[in-house]
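Reviewing the structure listed below.
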Amino acid sequence: QVQLVESGGGLVQTGGSLRLSCAASGPTFSTYRMGWFRQAPGKEREFVGSISTSGVFTRYADSVKGRFTISTDNAKNTVYLQMNSLRPEDTAVYYCAASQGSGTSSYDYHYRYWGQGTQVTVSS
């Protein structure tokens, strides 16, 4: 069983930055593929980015490519989502997810474990 706890959300102005953190429990964090998803009010959950177990491979949604960066710190069992040049359309609840498996994935059904989410609001 893996527990994920997100933090770092908040209110930021357009063009600003935030860094989300997702702390994972368990000793096998380095064997998990990690992903970030988001859900805006009235919309379906959508993929944001994913990082492989090795940390070598990453994948991003086109809407965030070049602005968001995923990274991991295996010593801290933590995955980060650095978000720059934020836009009002980035406003959503952001979720961290984990699964065992190789590579990256943009499909939410590939992820077994989910955090509770953290709210990100970007004001115009």
Side-chain angles (χ1 to χ4, degrees):
Q1 185 76 11
V2 174
Q3 292 186 326
L4 305 172
V5 179
E6 301 99 333
S7 61
L11 174 65
V12 65
Q13 291 185 335
T14 296
S17 298
L18 281 175
R19 188 178 77 160
L20 305 184
S21 299
C22 173
S25 65
T28 57
F29 174 77
S30 61
T31 67
Y32 283 83
R33 166 203 298 141
M34 304 298 295
W36 285 96
F37 291 78
R38 66 186 182 187
Q39 187 166 21
K43 295 187 177 182
E44 293 187 353
R45 184 167 59 192
E46 66 174 0
F47 170 73
V48 175
S50 175
I51 188 166
S52 64
T53 55
S54 64
V56 172
F57 302 106
T58 56
R59 179 189 302 199
Y60 299 94
D62 288 343
S63 59
V64 307
K65 202 172 295 183
R67 301 188 297 123
F68 291 10
T69 303
I70 295 176
S71 62
T72 57
D73 185 337
N74 288 342
K76 295 183 178 180
N77 281 14
T78 300
V79 61
Y80 303 98
L81 181 66
Q82 177 67 44
M83 305 186 295
N84 299 327
S85 302
L86 283 162
R87 306 166 180 169
E89 54 264 39
D90 295 319
T91 295
V93 176
Y94 283 70
Y95 297 92
C96 171
S99 71
Q100 289 187 307
S102 60
T104 61
S105 176
S106 61
Y107 298 104
D108 58 2
Y109 59 82
H110 280 171
Y111 294 87
R112 180 175 182 182
Y113 304 103
W114 292 83
Q116 82 290 350
T118 185
Q119 177 70 47
V120 171
T121 303
V122 184
S123 64
S124 56

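All residue numbers refer to positions in the sequence shown, counting from 1. All heavy atoms count here, side chains included; hydrogens, waters and symmetry mates do not.
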Between L20 and M83, does a side chain to side chain contact (heavy atoms under 4.5 Å, CB included) hold up when you go through it step by step?
-> CA-CA 8 Å; L20 305 184; M83 305 186 295; 3.7 Å; yes

Starting from the C-alpha separation in whole Å, work towards a yes-or-no answer on side chain to side chain contact (heavy atoms under 4.5 Å, CB included) for M34 and L4.
-> CA-CA 10 Å; M34 304 298 295; L4 305 172; 4.1 Å; yes

Test Q119 against T91 for side chain to side chain contact (heavy atoms under 4.5 Å, CB included), laying out the working first.
-> CA-CA 8 Å; Q119 177 70 47; T91 295; 4.0 Å; yes

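Under the 4.5 Å side-chain heavy-atom criterion for Ile, Leu, Val, Met, Phe, Trp and Tyr, Y113 and F47 are members of distinct hydrophobic clusters. Y60 and L18 fall within a single hydrophobic cluster, where Ile, Leu, Val, Met, Phe, Trp and Tyr side chains are chained together by heavy-atom contacts under 4.5 Å. Under the 4.5 Å side-chain heavy-atom criterion for grouping Ile, Leu, Val, Met, Phe, Trp and Tyr, L86 is connected to W36 within one hydrophobic cluster. Put simply, V122 and V64 are part of the same group of oily side chains (I, L, V, M, F, W, Y) that touch within less than 4.5 Å, one to the next. Residues F37 and V2 do not share a hydrophobic cluster, defined by chaining ILVMFWY side chains whose heavy atoms lie under 4.5 Å apart.
What you find for S85 and R67 is that their closest heavy atoms are O-NH1, 2.9 Å. Across every non-hydrogen atom of S124 and P88, the tightest pair is CB-CG, 3.9 Å. Shown here for I70 and G49, the closest heavy-atom pair between the two residues is CD1-C, 3.1 Å. For the pair S105 and Y111, the tightest heavy-atom approach, listed with the atom from each and the gap, is O-OH, 2.6 Å. Contact between T72 and V79 at its shortest, heavy atoms only, is CG2-CG2, 3.7 Å.
For Q3, the CD atom counts as loosely surrounded, since its 6.0 Å shell holds 12 or fewer non-hydrogen atoms of other residues, nucleotides or ligands. Within 6.0 Å of NZ in K65 there are more than 12 heavy atoms belonging to other residues, nucleotides or ligands.
To the nearest 0.5 Å, the span separating CD on E6 from SG on C22 amounts to 5.0 Å. Here the OG-CG distance, from S21 to L81, works out to 9.5 Å after rounding to the nearest 0.5 Å. The structure places CD1 of I51 at 13.0 Å from CZ of R59, a figure rounded to the nearest 0.5 Å. Atom-to-atom distance recorded for R38:CZ and R45:CZ is 13.5 Å, nearest 0.5 angstrom.
Of the possible donor and acceptor atoms, none in the side chain of S50 sits under 3.5 Å from a partner among the backbone N and O of T104. T69 contributes no side-chain N or O that, together with a main-chain N or O of Q82, makes up a donor-acceptor pair within less than 3.5 Å.
Using cut-offs of 30° and 60° for the angle between ring planes, the Y94 and F68 rings count as tilted. Aromatic ring pairs are classed by plane angle as parallel below 30°, tilted from 30° to 60° and perpendicular above 60°; the pair W114 and Y95 is perpendicular.
Ion pairing of R87 with D90 is absent here, as no side-chain N (NZ or NE/NH1/NH2) approaches a carboxylate O to less than 4.0 Å.
Judged by distance alone, the side chains of R33 and S99 do bring a donor and an acceptor atom under 3.5 Å apart.
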